[in-house]
Amino acid sequence: MNMPPDSGNLLAGLNEKQLEAVTLPHQSALILAGAGSGKTRVLTTRIAWLIQTGQVSPQGLLAVTFTNKAAKEMLTRLSAMLPINTRGMWVGTFHGLCNRLLRAHYREAGLPATFQILDSADQLSSIKRLMKVMNVDDEKFPPKQVMGYINSCKEEGLRAHSVEAYDSHSQRMREIFEEYDKQCQREGVADFAELLLRCYELLGREASIRQHYQSRFKYILVDEFQDTNRLQYLWLKLLAGQGNNKEHNCIFAVGDDDQSIYAFRGARVGNMRDFEEDFNVQSIVKLEQNYRSHSNILDAANAIITHNRNRLGKNLWTSAGKGEPIRVYQAYNDIDEANFIVDEIKMLHAEGVDLNQIAMLYRSNAQSRVLEHALFTAGLPYRVYGGLRFFERAEIKHALAYLRLIANPEDDTALLRVINFPTRGIGARSLEQLQEAARQQSCSLWQAAINKVGDGRPGKGIEGFVALIKQMQEESIGLTLPEMAELASNLSGLRQYYLGEKEGEDRIANLDELVNAAVAFMNQDIGMQVDENGETQSLLTQFLSHASLEAGEHQADAGRDALQLMTVHSAKGLEFKTVFISGLEEGLFPHEQSMYEASGLEEERRLMYVAVTRARQRLYLSHAQSRMLHGQVRYGIPSRFLDEIPEELLKRLNATASPSRMAQADAYQNHTPAPSQKDALPWKIGQSVAHSKFGQGVVVSYEGNSNDLRVQVNFGREGLKWLALEYAKLEKI
DNA sequence: CTTACGTGAGTTTTT
DNA sequence: CTCACGTAAG
C-alpha cells in the first residue's frame, strides 16, 4: 500500500493545455479556464499530482474556493483520485479557512474562544440595534446601506480609523462603523467580512503565526480567482509571503475574466492582472477547449463576449459538431413567452428529455412568476432556486439562538432574538429598561439581566428567561450535540409553541431536522475537534459556525425530476442539456440599472456569456414585445445581445406561434385595455419606429394632444428619449 | 401582543 | 403588481 499509484494514470485523458497546467513547475501560475473547459478537474488533478509526486504533503497545501459546494466537490474528487484522508486538509472557502485560523489563534486575534459568526440577517439586526442606541436617523442612514458600507470597507481591508470621510454624512457613517465593531467585540461576534479582515490583520501583526503558515503552505490554489475582492487578494498575498523581498510561495490561480459577474459585490477582476505582476507570472495557460457545448452555442458565446473591450482574451472551441441552431422566439408578451417555453418543454419531455436537464434562466427573480404560473397550469414539476435556506428559517434561527446562548450568553443578537420568543411576558418596556441598564453598566444584556434579577427564578419575565438559559447551560453539560439541539427546542418552549400554531407542522419538522443535522455534523466532523494548539474546541461552537458559514441547501427535494428555474447568476458553474434564456430585452437583460455605464454593460454581457455557455445541446433565446413590470405594461425592444450573435447561428421561430397560445396571451392583454382616446391617436404604444439618429425604437408612452404630441421612445442602447413629433423625423416601421 | 392597513420600493448573491 | 416593513389600532 506504500506504492504510489502511477501518476500517468492520474494524468490520463487530459488535453495538452490541461496537462501543462496540472504539471507546471514550482511557480505562480494563472490558468485562464473557459466555461466548460474542465476547470475543476485541472484544479483537483493539480493537487493530486503535487501530492503524488511528493512535491507536497496533503498538509502542505491550501486550496480556497468561494462556495462550500465547490470546496466539497474538490474534496470528493480528490479522495476519488488519491488514497488519502482528505480530512484535515486545508481545503475550504475563504470564510471557512479564516474561521479555522481564527479559532486556532483566537487569543492572538483578540476573540473569545466561543466567538459566534453573524450571518447577514444577524448583522443587519445588530446594526439596527446599534443605530437605535446611537440615535441615528434611519431615514438618512438606511441600515441596509450602512451594512453595505461597513462590509465594503472591510472588504477593502479598511477599519473605521483608516476610512476617509470628508463630509458630515460619511463621518457619521464612519462613526457607526467604529461603534459597530466595538459592539461586535463586546458581544464576541464576527460578521463574514470580519472573519477575513481579522484573519488578515492577525497574519499581518503576528510574525510567528504568519511565518508558521507561510512555511507550511508552499502551495496555494485558488478557484474562481476573478471573483476575489481586494481583501481576499491581500490575504492571499500575505499568506504566500509575497512582498517581503524573499522567495514567496506559489499561487495557482484559476479563473475566467469573462465569467466575472460579481463586481457588484466587490469582486475585482483586476486582481488577475495584479496577480500577473505581483507574482511574476511567467505565462498564462489558457484552457479553451470546451467539453460541454456544440459549436453553434460556443460561436454565439464567443461572438457576444468579443464585444467587451477589457478582456485577457480567449476563444472557446470544441471538437463536437455544430449541433442545433440557436432558437430565437419573439413573443407577443410575457405570457406568450412563458407559454411558448412550456410548449417546447412538453415536446422535449415527450421526446424523453429529463426535466432536470432543462433550465429556465432569467436576469432577475421577478421574472420567475410568469414562468411558474405557466408551468403550474401545465402541471409540469419545477423547482426555483434562491429561496430561504435551511439554517435561515425562522424556527431554526430561534433554536440556534438558544444554542448560541448556551455557548455564550453575552451574545446580544441571539438574546434579543429569543428573549421573548416564545412569549414570556417581556414587552417593549422591560426590554428598554434592560437595554438602558446594559448601556449604563456598559455590559451585555445578559449581564444586565443577571444584575437585575440575580440567578433568576423559574417563572415569567426576565427572571424566567435567566433561569431558563441557566437551566439549559446546566442540563447541556455532558449532552451530545443532537441532544442539545433537542434540549434547545423543547426546554425553550419552541416546540410547544409551534404545536399550537395553525401551520406549525413544517416548523416542527424542521426542528427535528435540526437534530438530524446535528447528528450528521457529529458523524462527519468528529475528527476535526482538535485545533492547531491541540485544544479541543467545543463541538457546539463548531456546529454553530457551520450553521452560519454553510446555510444549507437552497431548497428541498433536489433530486426530483423537475425543471430548473434560476437567475443567470445562480446558474454559474452548472450545465444543462437544454437552456431557455427568457426576457432578452433592452432594460431587462441588459438590465437598465447597468446598461448606461460601460463597466456595467460589460458585466451584463459577461452574464449573457455565462448564460449561453450553460447549454450543452439546445439553446432557446426569447424576448417579449411587451411585459408586465411593476404593475404596468412595458414595451421593450430585443436585447442588443441578440444582435451580437451571427444570424447564421440562429433559427427564428416566430411564425410557429400556436393559435391557442396567442388566444391565452390575448386574453391577458385584454385585462389592461388602453384608454380609447389613446387608441385613436396615430402613435400607439408599442409602435415600432425608426429615427435617423437613434435608430430603431418602440413607442413607450406619450403626452400632449394631437397638435402638440410628444412621444417617449425606447431606443434600446440609445436609451429613452422624448421626441416632439413636430420636429423629430420619426417613421413607423 | 396580534392584526390590519398603508407605504414604498422593485438587479444580480455567497459567506 | 407584489412583497416586506412599519405603524396604528384593537
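Letters A, B, ... are given to chains in the order of the sequence lines, protein chains preceding strands, and every chain is numbered from 1.
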According to a strict under-4.0 Å criterion, is [X] in side-chain N/O contact with OP1 or OP2 of [N]?
X	N	value
Asn68(A)	dT14(B)	no
Arg389(A)	dT15(B)	yes
Ser120(A)	dT13(B)	no
Asn365(A)	dT11(B)	no

For [X], answer base if it contacts any base atom (sugar-phosphate contacts may also be present), sugar-phosphate if it contacts only those atoms, and nothing otherwise; contact means non-hydrogen atoms under 4.0 Å.
X	result
Phe264(A)	base
Asp119(A)	nothing
Asp227(A)	nothing
Tyr262(A)	sugar-phosphate

Could you run down the sub-3.5 Å N/O contacts of the protein with nucleotides 2-6 of chain C?
unit_1, atom_1, unit_2, atom_2, d
dT2(C), O3', Arg369(A), NH2, 3.3
dC3(C), OP1, Arg369(A), NH2, 2.8

_One pair to check against side chain to side chain donor-acceptor pair (under 3.5 Å): Glu73(A) and Thr40(A). What are the steps and the verdict?_
CA-CA 9 Å; Glu73(A) 179 169 357; Thr40(A) 311; 5.0 Å; no
*Is it true that Arg404(A) and Asp411(A) have a side-chain N and a carboxylate O under 4.0 angstrom from each other?*
yes
*Expressed in whole Å, how much space separates the P atoms belonging to dA4(C) and dT13(B)?*
15 Å
*Could you tell me the separation between the OH atom of Tyr385(A) and the C1' atom of dT12(B), rounded to a whole number of Å?*
17 Å
